[in-house]
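Notes for the one structure printed next.
Atoms considered below: every heavy atom in the structure, side chains included; atoms not considered: hydrogens, waters and symmetry mates. Each chain gets a letter, A, B and so on, in the order its sequence line appears, and its residues count up from 1.
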Number of protein chains: 2
Amino acid sequence: MSNIREVARLAEVSVATVSRTLQQPDLVSLKTRNKVLAAVKAAGYKPNLMAVRFRSGKTHNLVVLVPTVANVFFARVISGMQEAAHEKQYALLLGNTLGDDEMEAAYARMVQTSQADGLIQLRAHNPFDALQQPDSADDNPALLPMVNACEVLDKAPCPTVVLDNRAAASAMTEHLLALGHRRIAMIKGPARSPLTRDRVAGYRDALQAAGVSFAAELLSPGNFSLQSGFDAAGDLLALPNPPTAIFCENDEMAIGAIQRIKQSGLRVPADISVAGFDDISFAAFADPPLTTIAQPAEEFGRTAVRLLIDTLEGRLSKAPKVILPFELITRASTGPAPAAVPTPND
Amino acid sequence: MSNIREVARLAEVSVATVSRTLQQPDLVSLKTRNKVLAAVKAAGYKPNLMAVRFRSGKTHNLVVLVPTVANVFFARVISGMQEAAHEKQYALLLGNTLGDDEMEAAYARMVQTSQADGLIQLRAHNPFDALQQPDSADDNPALLPMVNACEVLDKAPCPTVVLDNRAAASAMTEHLLALGHRRIAMIKGPARSPLTRDRVAGYRDALQAAGVSFAAELLSPGNFSLQSGFDAAGDLLALPNPPTAIFCENDEMAIGAIQRIKQSGLRVPADISVAGFDDISFAAFADPPLTTIAQPAEEFGRTAVRLLIDTLEGRLSKAPKVILPFELITRASTGPAPAAVPTPND
DNA sequence: CGGCAAAATGTAATCCGTTACATTTTTTAA
DNA sequence: TTAAAAAATGTAACGGATTACATTTTGCCG
C-alpha cells in the first residue's frame, strides 16, 4: 500500500504539503493541490488510519457491552447505536459478555489500552471496577469514558439512559387492575438487577394504590428467556389460588407464559391475562397479540452513543441522566378478569 | 498514561529490555525481569495497542457485515462469531448495513484503510466490488481478506460457509409431500438472493421427484419479516385454490403466516400446515410449535471467523467451501393434508 | 525596484513499541 | 588464566501521518 511519502515523491512536493492538501486544502495553492490530488489518485493512496489514530490517540472505536446480542430487544438497541455511530464516523466493537464480569473487564481493558475511546454498558455493572482506575488523582473526578443504558447503576459515574421502569410497571399493573384483576402475578428478572427491582416497585406501587395486598408467592423469578417464562407460568398455575393475570418483565417470557397457559387448557385472556414488556416485533404476532410496554429501543442506542461521543469529545461537564418515554400498548392478551379461575387440567 | 520509556526509566534499563520482558521473558535475566515488572506495576503501565498495531500493521479487528442485527438468526450467528473472535484475541466491528451497497462499501473501506484486517459478509455481495481492488497484479490472484457466510456468492473470491439450502428445502418439501400435501406453497425471500434461488430449487426438486407439478402462483415473495409472512399468507389464502401447506423460508415469516391463517378462521395444521426455516428460539414456542429446519447458527459464526483468521494469517492457500449440516425438526405445525380446504371466512 | 507582509512549502520532531544490530557481561572450555 | 561462545542488555531505526517551526516564494505598495 502506498504511503504519503510515495505520493509526495510523485507530486514532487513534501509530505507536509500532501497532508495539508488532504486535511486543510485552503492552505495549499490550487496548482499544487491539483498536482497532489493527481498523485494521490495515481498512487491509489489511502491514508493509513492506524497511523492517524496512533498519532492522534483517538481510535474512533466504541466498545458495546451487551449481555447477549441474541436478545431481540438488545438487538434493536444495537441497531440504533450503529446508526448514530456511523453518522458520527465511529465504529462499534461488539462485546457479547453473557453477563460475565471477567469478560466485561476484558473488554473494558480495550479502552485502557487505546483500542477504543469509550464504552457503552447495557447492564448495571461498572466494568472498570476490577481494573485500575484512570488516574482519578486528576483535578476533577473525571467522568469515566462510559455510558450506562437500559439497566443502570444507582450511582453511575457516567451519563445514563433509562426508562422510568417503575412508572411503566405501575402503568401496566394499573391497566390490569382496571380490568378487574386482583390476583396479579409478576414474572420478574434476576433478583439483583436494579431493573427488576424498579419494576417490582412499580408493580407494588400500583397494587398499594388500589388497596390490593401484595402476595409474595405471585412473584416468580425468570431470566428473560422464553423457557423461563414458560416454567414460571407453570409454577404460578400450580398455586392453590392461581393468578388471573400475569405481568412479565419482557415479551419473551410473556410468550413463553402464554404457551404454558394454553398447554394447561386455559385461554388467554378469557381465563388468564398476560402482559409483556418491550414490544418486540414478535409481540404483535403472538397469539393472542401481546399487551405490552413499548420501549424506544433504537432510541436507547442512539442516545447512548451520542452521549458517549459528547463525553469523549469533552462537551459534557456533568453526567446527564436521560429518561426515555414508554407507551402502554393494549392488545388482545389482556382482558377482563374472569369470575373464577377454572382449575388447570394438565 | 505512562509509556514504555517511563517504565524503562523507573527500572533503570533500556526500553528494549522492557519490551522483551513483556514479549519474550526468557531473553531477560530473572533479576532484571523482576525489576521491570515492578516498574510496570508502579507506573500502571499498559502497552498502547494502537502503537503496537500500527507498527505490526495488524489491527486484530474484523468487520462483520450483516443485513440486520435485529434478525434473530443473524444475532445468533454474531454470537458465535464473537465467541470465536474473543478466543483468538480478535475484536468484531459491527456493520449493520441494511443491505445497502453504499454502506457495505463504507465498511469494506475500513479494511483498505487498515482499520480492520478482514471482513465477514453475510450476504451474497462483494463489498469490495465498488472499491479499488487490492493489487491483483500480484503473483497469485490473492484471496480477498474476506469470508462469505450464510448467503454466499456463486463465485465467491474467498472462503465460504453455507448450508446446503437446496437439500434442506427439498427435505422439508418431502416431509410435506409425505404428509399427503400436494398443493404446497412457498413464501420465499427476495428474488435475486442465491439463498432463495437455492431453496426454491430444492422445493422444485422434491415436487418433481414426487410427480407434483409446480404452480407459479404458489410462490409468494416475502422479505423475511413477520409482517411479510403475514401478508404473503393472506395472498395465498385468497387464491381460488389455496394451498394445504405453506413452507416459509424463515421462521419469522412462518409465525406471521400462522397468525394470518388463524385470523381467517382456519386451523394449523388441521386445515393448513406451516413450516419454517432456521429454528429460532421462538419456533418452539409458537402456537402450534413450528416444524422447521434447524441451522447451526452459532457454528456459522464460529466457522466464518476461524476461516477468516486462517486466511489473514496465511494458513490457507485455497478458498475452502464449508458446508454445515441442517436438521429437520418436526413439531406440531405440520400435519396430514386435509381432505379439502375449507373456504376462509374473513 | 526595494522591501515587507502574506501565502506557500519544506524540514524535522513526534506519537510508542518493536527489533535488527551493536555492545557489554557472563559462562564455558581449554 | 584466557579465548571463545553464549547470554544479557543497550542503541537507534522504523512504521505513517501530523504539525510546529523554519524557509522560500509570491504579491503588493510605495
query = What is the minimum heavy-atom distance between B/V7 and B/V36, and which atoms define it?
reply = CG1-O, 4.3 Å
key: Test side-chain hydrogen bond (donor to acceptor under 3.5 Å, both in side chains) applied to A/Q115 and B/R53, step by step   = CA-CA 10 Å; A/Q115 278 183 87; B/R53 291 171 177 190; 2.7 Å; yes
Nearest heavy-atom neighbours spanning A/P159 and A/L307 = CB-CD1, 4.0 Å
task = Look up atom CG in A/L324 and atom CG in A/L163, then write down how far apart they are to the nearest 0.5 Å.
result = 7.0 Å
ask   = In whole angstroms, how far is the P atom of C/dG17 from the CD atom of A/Q115?
value = 14 Å
request  = Would you tell me if any nitrogen or oxygen in the side chain of B/N48 comes within less than 4.0 Å of OP1 or OP2 on C/dG17?
outcome  = no
ask   = Would you say the side-chain atoms of A/H60 pair up with the backbone N or O of A/Q89, donor to acceptor, closer than 3.5 Å?
value = yes
message = Please tell me if A/Y45 has a side-chain N or O lying less than 4.0 Å from either OP1 or OP2 of D/dA17.
response = yes
Helical bend (five base pairs per end, nearest 10°) for the helix from C/dC1-D/dG30 to C/dA30-D/dT1 = 50°
message = Quick check against the 3.5 Å criterion: does B/D310 have a side-chain atom that pairs as donor or acceptor with the backbone of B/E313?
response = no
key: From CG (A/N48) to CG (A/N3), nearest 0.5 Å   = 9.0 Å
Whole-Å gap separating C1' (C/dG17) and CG (B/L49) = 10 Å
request  = Look at the side chain of A/R33 and the backbone N and O of A/V28, then say whether any donor-acceptor pair between them is shorter than 3.5 Å.
outcome  = yes
note = Letter by letter from the 5' end, nucleotides 5-10 of chain D scores (B base, S sugar-phosphate only, - none; protein heavy atoms under 4.0 Å) ---SBB
query = Under 6.0 Å from the CZ atom of B/R315, do we count more than 12 heavy atoms belonging to anything else shown?
reply = yes
query = Rounded to whole angstrom units, what separation is found between the CD atom of B/E6 and the P atom of C/dC16?
reply = 11 Å
message = Give the residues of residues 50-57 of chain A touching DNA chain D, defined as any heavy atom closer than 4.0 Å, sorted by residue number.
response = A/A51, A/V52, A/F54, A/R55
query = Looking just at side-chain N and O atoms, do A/S19 and A/Q23 make a donor-acceptor pair shorter than 3.5 Å?
reply = no
ask   = Quick one: is D/dA17 close enough that its OP1 or OP2 comes under 4.0 Å of any side-chain N or O from A/Q23?
value = no
query = To the nearest angstrom, how far is B/K58 atom NZ from C/dT18 atom C1'?
reply = 16 Å
inquiry  = Main chain of B/L94, side chain of A/Q82: is a donor-acceptor contact present, judged purely on distance under 3.5 Å?
reply    = yes
note = Here the distance between atom C1' of D/dG16 and atom CG of A/L22, to the nearest Å, is 13 Å
